[in-house]
*Asks:* 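One structure, as structure tokens, below. Some questions next.
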Amino acid sequence: QVQLVETGGGLVQIGGSLRLSCVGAGRTFANNAMGWFRQAPGKERDFVASINWSGGSTYYADSVKGRFTISRDNAKNAVYLQMNSLKPEDTAVYYCAASNYLLGDRPLSVGEYTYWGQGTQVTVSS
């Protein structure tokens with residue numbers, strides 16, 4: 001069974017940091033573009049960050065540039081999202097995803113990701 005499992009969410013104060021992890025099982029994702037998305041209550045699932053198979057190319061949503069960093073460790077079949085300087089508007093369920101498409105000159109859309117994790121809640125409070 002192919003799975004992506006996210007961990008690392010939680011409750012954090014404004015300005016704090018969290019590191020999300022996503023580990024794949026059932027197959028290797030070393031050749032897949034990977035991404036992080038988030039969904040707040042009543043809103044659509046939005047792109048956060050993506051990374052190509054080697055880690056040499058990344059994209060970020062404007063709202064998180066300079067604060068979030070995506071990385072991966074193919075030996076561990078894992079992708080990470082380091083989130084710093086968190087704001088209340090970062091509150092959402094965060095999902096990792098794997099795509100069979102190559103990450104080219106644009107970040108991939110939600111529909112271009114094949115595998116999804118179950119999500120992890122991130123809550124930023126004052």
Side-chain angles (χ1 to χ4, degrees):
Q1 183 180 1
V2 177
Q3 284 186 317
L4 291 171
V5 180
E6 304 100 333
T7 57
L11 176 64
V12 63
Q13 290 189 328
I14 294 173
S17 297
L18 283 175
R19 186 182 191 230
L20 305 184
S21 299
C22 172
V23 178
R27 57 157 286 177
T28 178
F29 292 100
N31 297 317
N32 293 73
M34 303 289 292
W36 285 97
F37 289 76
R38 65 186 182 187
Q39 189 167 19
K43 295 189 176 182
E44 294 185 349
R45 190 168 297 188
D46 291 332
F47 167 76
V48 175
S50 58
I51 188 167
N52 76 334
W53 70 274
S54 68
S57 179
T58 58
Y59 288 102
Y60 295 94
D62 288 343
S63 59
V64 307
K65 276 181 184 175
R67 300 188 298 122
F68 290 12
T69 302
I70 188 171
S71 61
R72 67 188 299 162
D73 184 340
N74 288 339
K76 295 182 179 179
N77 215 23
V79 64
Y80 309 99
L81 186 68
Q82 177 66 44
M83 306 186 294
N84 298 329
S85 303
L86 284 161
K87 305 175 181 180
E89 52 264 42
D90 294 319
T91 295
V93 177
Y94 283 71
Y95 299 89
C96 78
S99 175
N100 289 325
Y101 290 88
L102 296 176
L103 188 63
D105 58 359
R106 61 173 177 83
L108 301 172
S109 64
V110 169
E112 292 174 307
Y113 284 85
T114 303
Y115 304 99
W116 291 87
Q118 83 290 347
T120 185
Q121 176 71 46
V122 171
T123 303
V124 184
S125 73
S126 55

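Quick caveat: nothing in here was measured; it's all calculated off a predicted structure.
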*Asks:* Tell me the closest heavy-atom pair linking Ile51 and Ile70, and the distance in Å.
*Replies:* CG2-CD1, 3.7 Å
*Asks:* Listing request: all ring-ring contact (aromatic ring centres under 6.0 Å, His included) pairs with a residue in residues 75-109, at least two apart in sequence or in separate chains.
*Replies:* none
*Asks:* Just grab all the ring-ring contact (aromatic ring centres under 6.0 Å, His included) pairs involving residues 25-46, residues at least two apart or on different chains.
*Replies:* Phe29-Tyr115, Phe37-Phe47, Phe37-Tyr113, Phe37-Trp116
*Asks:* Which value, rounded to the nearest 0.5 Å, describes the distance between Gln121 atom CD and Gln39 atom CD?
*Replies:* 11.0 Å
*Asks:* Give me the atom names and distance for the closest heavy-atom approach of Leu20 to Met83.
*Replies:* CG-CE, 3.8 Å
*Asks:* Which pair of heavy atoms, one from Leu11 and one from Ser125, lies closest together, and at what distance?
*Replies:* CD1-OG, 3.7 Å
*Asks:* Evaluate side-chain contact (heavy atoms from CB on, under 4.5 Å) for Val23 paired with Gln3, printing each intermediate quantity in order.
*Replies:* CA-CA 8 Å; Val23 178; Gln3 284 186 317; over 6 Å; no
*Asks:* Could you report the tightest heavy-atom contact between Cys96 and Val79, atom names first, then the distance?
*Replies:* CB-CG1, 4.4 Å
*Asks:* Between Asn74 (side chain only) and Ser54 (backbone N and O only), is there a donor and an acceptor less than 3.5 Å apart?
*Replies:* no
*Asks:* Do side-chain atoms of Arg27 reach the backbone of Val2 as a donor and acceptor pair under 3.5 angstrom?
*Replies:* no
*Asks:* For Asp90 and Lys87, what are the C-alpha separation, side-chain angles and deciding distance, and is it a salt bridge (Lys or Arg N to Asp or Glu O under 4.0 Å)?
*Replies:* CA-CA 5 Å; Asp90 294 319; Lys87 305 175 181 180; over 6 Å; no
*Asks:* Output every pair passing side-chain hydrogen bond (donor to acceptor under 3.5 Å, both in side chains) with a member in residues 9-23, not counting sequence neighbours, ordered by first then second residue.
*Replies:* Ser17-Asn84
*Asks:* Test Asn100 against Asn32 for side-chain contact (heavy atoms from CB on, under 4.5 Å), laying out the working first.
*Replies:* CA-CA 6 Å; Asn100 289 325; Asn32 293 73; 3.1 Å; yes
*Asks:* How close do Ser99 and Leu108 get, counting heavy atoms only, and between which atoms?
*Replies:* OG-CD1, 3.3 Å
*Asks:* Same hydrophobic cluster for Val122 and Val64, using side-chain heavy-atom links shorter than 4.5 Å among ILVMFWY?
*Replies:* yes
*Asks:* Any link between Ile14 and Leu18 through a network of hydrophobic side chains (Ile, Leu, Val, Met, Phe, Trp, Tyr) touching at under 4.5 Å?
*Replies:* yes
*Asks:* Are any side-chain N or O atoms of Tyr60 and backbone N or O atoms of Gly66, one a donor and one an acceptor, separated by less than 3.5 Å?
*Replies:* no
*Asks:* What closest approach, in Å, do Arg38 and Ser63 show between heavy atoms, and which atom pair accounts for it?
*Replies:* NH2-OG, 3.4 Å
*Asks:* Please name the residue in the list Asn52, Leu4, Leu103 that meets the side-chain contact (heavy atoms from CB on, under 4.5 Å) test with Met34.
*Replies:* Leu4
